[in-house]
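So the structure is just underneath, and the comments pick up after that.
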Amino acid sequence: MSTDFVPRVLLTKSFIDSHDRAIKTIALALRDAGFEVILIDYEMPSDVAHVAVDEDVDVIGVSFMSGGQVSVTEAIVGSLAQANRGDIPVVVGGTIRPFDVEGLNSAGVRAIFRGGESFERVIETFRALALSTRAERNAAA
Amino acid sequence: MLTGTNDAPRIKRWLSDTAAAVVDSAAERWLDARHKRYGEATFESTNRSGVVVQPAYGPQDLAAKPVEELVMPGQFPYDRNLYPVHYQYQPWMDLQIIGYGVASQLRERMDLLKEEGGARGYFGGEAYNIIFDMPTSMGIDPDFPGVQGAIGDTGVSISKMSDFETLFDGKDLTATHVSMVCNAGSPGILALYLAAARNRGFDLTKLGGNITNYIWDFFGHCGGINFSPRGSYRLCADIAVYCAGVAPRFNTLTVSEHNICEAGANHVQAVAFSIATIIALNEECRSLGIDLDTVVPRYGFHVRYGEDFFEDIAKTRALRRMYAKVNRDRFACVKVGSLQARIHAQTAGSLLTVQQPLNNLMRNAYGAMSAVLSGVNGMTINAYDEALGIPTEEAVTLSLRTSQILAEETGVTKVTDPLGGSFYLERLTDEVERAAMAVIDEIDERGGLIECIESGWMTEQVARSAYRWRQEVESGARPMVGVNTHVVDEEPKVRVFQPDPEAARLALEDLARHRTERDNAATSAALEKLRRAGHAIQEGREIGSVTAALVDAAQIGATLGEMQTVLHEVFGRNK
């Protein structure tokens with residue numbers, strides 16, 4: 001993998017969730033760390049998979065402040081699998097409650113970020129996941 | 001801070017030359033002493049708002065005030081307080097924010113709050129501050145595909161008139177203040193409530209309450225779907241005119257300085273954007289030929305507390321002063337009610353931490369105290385566990401106790417505007433006002449608020465501030481106990497409230513039943529009438545007819561989402 005690798009990430013939250021401070025902040029932090037960032041509101045969880053596939057992103061980050069943590073994540077992961085892109089890792093952030101964790105882990109999320117998480121850990125996690133997605137894709141190609 | 005050359009002429013406006021000389025001499029001697037003892041260090045600090053704070057203030061700062069602002073509480077420009085005497089006569093209204101599940105489930109929490117001495121309105125009445133789940137808040141029915149996971153999760157699910165009838169079953173709505181926190185769904189949610197009250201036979205002219213009506217809010221918590229900016233302001237005017245005639249005690253707009261702060265703005269931005277919102281709406285109403293004094297008295301503010309104790313108080317006073325001046329001088333309002341900014345305080349949710357969550361009790365108490373020292377009219381003290389999820393009953397009760405301790409034990413309620421005349425606070429108020437006025441001037445130069453929203457300038461300003469704040473936390477420049485300082489290895493375990501997962505099923509079944517039981521032809525006709533009213537007000541005619549059509553449609557059986565679909569078609573979406 002060359003050193004000029006530019007990870008592509010999709011950051012998203014529901015169109016009904018008005019709380020966008022966290023995801024906008026993470027978008028700016030990733031951008032400043034050299035990522036290409038696509039930021040969308042989804043209406044349907046399947047929208048996330050479609051955009052992720054169309055844009056060929058390396059990682060998906062989903063922000064939750066107002067419910068649907070487990071059911072939406074399951075739907076996104078399901079849509080990715082249907083599109084044969086189950087290899088794209090999904091991470092979640094925001095208000096992730098103890099009772100959400102088991103369902104999120106079962107759905108296969110690769111990381112959970114809550115309030116107060118350091119930029120460093122967020123950026124490094126995204127970078128590592130992006131690198132491995134790209135490496136696997138290149139190996140398969 | 002020294003009176004110096006800039007302030008000297010102002011002093012002469014109300015201080016004698018002799019007094020001014022004494023004041024100047026004291027300031028100079030202090031500066032000399034500081035230099036001798038500490039050398040060149042200034043001990044200045046800069047607030048996140050950009051306002052520079054000195055290590056001490058003195059009579060020279062008070063002397064710099066314009067003579068017309070040397071007033072008692074209850075006098076123009078109302079910065080000190082709206083009333084001559086405040087908490088000594090009427091304590092603040094406790095509006096603990098509550099909402100989860102379906103209406104019948106939330107009613108249980110409301111009853112608990114009342115038993116604990118909460119839900120306390122003015123003059124012996126009851127008061128509730130209801131928050132809706134995100135689908136409801138945005139005007140979307142629970143059976144809309146893709147929103148099921150959010151039903152009843154972080155607020156109550158409401159989609160039809162009967163849900164409000166269940167929520168307030170048996171209550172005298174003319175003695176119940178109902179505050180409703182909602183975004184794009186505001187017009188429809190207000191209509192469902194008014195329809196429920198009318199259906200139960202209550203006289204709408206006697207209904208007291210509040211719809212936050214965050215449909216104008218494009219720089220606060222409005223990252224999601226909303227109306228187009230221009231459509232939003234037209235709808236705000238419609239609601240204001242309708243209520244002025246039909247439900248004149250109902251507050252039709254809450255400008256949320258709180259939400260703007262929570263989205264990341266600093267205090268100067270938040271105050272400026274709040275006043276700019278009023279300017280934009282007043283201009284909209286004036287262009288429609290509406291007498292501003294008939295609608296403005298029912299606007300209010302929602303202000304955030306907890307970031308910076310004294311600046312929180314200063315911004316409140318600056319907001320009240322600017323509101324009075326702008327409405328009087330720029331819009332020629334004459335009614336006292338049009339000049340008085342009523343304020344509902346809320347402590348800062350975004351400053352609560354997941355780490356060591358009990359620390360949030362202290363944060364909330366300090367925030368609440370600054371709100372009380374600001375002389376706010378209503379109060380929401382967040383629960384300490386809100387960074388983790390929906391509050392437990394224990395956490396909600398502790399928030400209420402925080403308010404009760406402030407009101408009944410601390411003694412801070414003995415005097416109206418107890419900090420009035422503080423050298424520091426008066427100067428800080430002036431600085432915040434001056435800086436916020438400069439932002440308003442910039443917005444005017446850029447073509448006004450709506451132009452600034454449409455160009456993206458506004459959200460860019462807020463996002464930048466939010467990012468800077470987070471960078472300061474990362475670098476340690478902004479200490480947060482438990483996050484970047486005084487960190488513990490093992491986080492304490494706390495119980496987290498889990499809303500009933502059955503709520504979604506209950507809401508969906510109930511809505512499905514409703515759709516089959518109602519008169520579908522009459523509902524369609526009512527929605528068609530709503531659409532015609534929408535087009536009329538878009539053309540500047542029959543202002544108020546949209547809200548009237550919404551209330552009629554709601555009473556006939558239209559759902560929130562059905563009404564919202566029509567409104568979105570007519571007034572456009574933001575995205």
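To find a chain, count down the sequence lines: A is the first, B the second, and so on, and within it residues start at 1. All values below were derived from every heavy atom in this structure, side-chain atoms included, with hydrogens, water molecules and symmetry-related copies excluded.
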What part of [X] gets within 4.5 angstrom of chain A, counting heavy atoms only: side chain, backbone, both, or neither?
{"X": "B:Ser137", "value": "neither"}
{"X": "B:Ala387", "value": "backbone"}
{"X": "B:Phe497", "value": "backbone"}
{"X": "B:Glu474", "value": "side chain"}
{"X": "B:Leu388", "value": "backbone"}
{"X": "B:Arg573", "value": "side chain"}

Closest non-hydrogen atom pair between [X] and [Y], with its separation:
{"X": "B:Val147", "Y": "A:Phe15", "answer": "CG1-CE2, 4.3 Å"}
{"X": "A:Ser66", "Y": "B:Ala150", "answer": "O-CB, 3.6 Å"}
{"X": "B:Ala463", "Y": "A:Lys24", "answer": "CB-CD, 4.3 Å"}
{"X": "B:Cys261", "Y": "A:Arg21", "answer": "O-NH1, 3.6 Å"}
{"X": "B:Met138", "Y": "A:Asp17", "answer": "CE-C, 4.5 Å"}
{"X": "B:Met134", "Y": "A:Ile16", "answer": "CE-O, 2.7 Å"}

B:Arg48 atom CZ, over 12 foreign heavy atoms within 6.0 Å: yes
Most chain B-contacting option - heavy-atom pairs closer than 4.5 Å, from A:Glu43, A:Arg114, A:Arg97, A:Glu120: A:Arg97
Interface residue of largest heavy-atom contact number with chain B, from A:Leu28, A:Asp100, A:Ile26, A:Ile96, under 4.5 Å: A:Leu28
Among the listed options B:Ser350, B:Gly389, B:Gly264, the residue most often paired with chain A at heavy-atom distances under 4.5 Å: B:Gly264
Spatial distance of atom CG (B:Asp217) from atom OG (A:Ser18) [nearest 0.5 Å]: 8.5 Å
Nearest-0.5 Å distance that lies between atom OG in A:Ser71 and atom CG in B:Asp153: 8.5 Å
Region of A:Ala29 that comes under 4.5 Å of a non-hydrogen atom in chain B: both
